[in-house]
Amino acid sequence: MIGADLACAERIVAERGMALGRPLHVLSETESTNDDAKRGAKEGAPHGAVWTAEVQTRGRGRQGRAWLSSRGENLLFSVLLRIPCAPVRVPLAALVCGLSVRDAVARAIGVDDAALVKWPNDVLVSGRKIAGVLVESAMSGTRVDYVVCGVGINVHARTLPKDLDGVATSIALERSSRGVCGEIDRAVILADVLESLDRDIEHVLQRGLGIVHARLSRHDALRGREVSVEGATGVAEGIDLDGRLRVRGPDGNARFVASGEVLPRL
Ligand code: BTN
């Protein structure tokens, strides 16, 4: 069973006339849309193919965590990218994708500065996680064969599991707390993310973060905060052009962290 909004996703995405979202596979149930996209890639699916599902039976988050989402409640999708680029640029896909998700979430909530990107792959609203990005890729010899960007956005969830109390939120909860009325359309959010990603992803994977760096810095959840990541503790000073988090330690020295889990988990 596909919800009324996702049932229209193919038309809404096609109307935007972009390279991403063609074809768009709308599934009632799947194990993981990232696995669908990876399988599709191996079977020759084109750049821009997207898989979305009402429910996943084996949804994955980063670091081997499960990504749980009740049927029909949220937006779960994966985009297949076939953009020739250097392997070192692949992690930038999570940041650009996170920025695209941020823009779409802020629009859905109706407040542009409501949503922030938390390096390296989360989107936060009111200091709580509203979306996550899982990037997976495959090499062919020394070149990148494909990149899959998997996105989970909390949309309708109104009650969150106890262990996520105070840690996670949803578009519905954030709209309610701001008195925003009306229906939320997951197809529009999907189209918004894909449109923004379509605009920037090729440029970033081939030439670096430059084109989105100012936007990323403006919406950086960690800037100025005390963090601990990969053994570096100090104040986060922003994301550099290579996508690394700059952390200024108590000794005054800056460290550049390429990947990892930032504590505390905001
Ligand atoms: C994270 O924050 O740890 C990343 C979560 C990514 C979840 C999405 S849901 C759609 C896609 N399919 C998956 O199995 N995972 C990603």
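Between atom CZ of residue Arg244 and atom CG of residue Leu209 there is a gap of 11.5 Å, rounded to the nearest 0.5 Å. Atom CG of residue Leu263 and atom OG of residue Ser228 lie 5.5 Å apart, to the nearest 0.5 angstrom.
For CZ of Arg178, the number of neighbouring non-hydrogen atoms (other residues, nucleotides, ligands) closer than 6.0 Å is greater than 12. The neighbour count for Gln63 CD, taken as heavy atoms of other residues, nucleotides or ligands under 6.0 Å away, is above 12. Counting non-hydrogen atoms of neighbouring residues, nucleotides and ligands closer than 6.0 angstrom, the CZ atom of Arg107 reaches no more than 12 such neighbours.
A salt bridge is defined here as a Lys NZ or Arg NE, NH1 or NH2 lying under 4.0 Å from an Asp or Glu carboxylate O, and Arg199 with Glu195 fails to meet this definition. Using a cutoff of 4.0 Å between basic side-chain nitrogens and carboxylate oxygens, Arg11 and Glu15 are scored as salt-bridged. Lys118 has no carboxylate O lying under 4.0 Å from a charged side-chain N of Asp220, or vice versa, which leaves the two without a salt bridge. We find that Arg71 and Glu54 are not joined by a salt bridge, their nearest charged nitrogen and carboxylate oxygen being 4.0 Å or further apart. Between Asp192 and Arg16 there is a salt bridge, with a side-chain nitrogen of the basic residue lying less than 4.0 Å from a carboxylate oxygen of the acidic one. Salt bridge annotation for Lys38-Glu136: present, with a cationic side-chain nitrogen under 4.0 angstrom from a carboxylate oxygen. Taking the charged nitrogens against the carboxylate oxygens, Arg215 and Asp103 do have a contact shorter than 4.0 Å, which makes a salt bridge.
In summary, the side chains of Thr57 and Glu29 do not present any donor paired with an acceptor at a separation below 3.5 Å, with no hydrogens or angles considered. Thr30 and Gln56 are not linked by any side-chain donor-acceptor pair at a separation below 3.5 angstrom, with hydrogens and angles left out of the test.
Using a 4.5 Å heavy-atom cutoff, the side chains of Leu134 and Val148 are not in contact. You'll find the side chain of Asp112 reaches within 4.5 Å of the side chain of His219, heavy atoms only. In this structure, the side chains of Ile201 and Leu81 come closer than 4.5 Å at one or more pairs of heavy atoms. Using a 4.5 Å heavy-atom threshold, the side chains of Glu261 and Val229 count as separate. Gln206 is listed as a side-chain neighbour of Ile83, based on a closest heavy-atom distance under 4.5 Å. For the pair Trp119/Val257, a side-chain contact is recorded, criterion being any heavy-atom separation below 4.5 Å from C-beta on. Proximity of Val135 to Cys97: side-chain heavy atoms (C-beta onward) are nowhere separated by under 4.5 Å. Annotation: side chain of Leu80 is not in contact with side chain of Val50 (no heavy-atom distance under 4.5 Å).
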message: Test side chain to side chain donor-acceptor pair (under 3.5 Å) on Ser176 and Arg158; report intermediate values, then the result.
response: CA-CA 10 Å; Ser176 290; Arg158 286 193 170 267; 3.0 Å; yes

task: Apply the test side-chain contact (heavy atoms from CB on, under 4.5 Å) to residues Leu76 and Val151: give CA-CA distance (whole Å), side-chain angles for both, the deciding distance (0.1 Å), then the verdict.
output: CA-CA 6 Å; Leu76 316 164; Val151 177; over 6 Å; no

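Contact between Arg102 and Leu116 at its shortest, heavy atoms only, is CG-N, 3.8 Å. Summarising the geometry of Trp51 relative to Ala45, their closest heavy-atom pair is CH2-CB, 3.9 Å, with the distance given to 0.1 Å.
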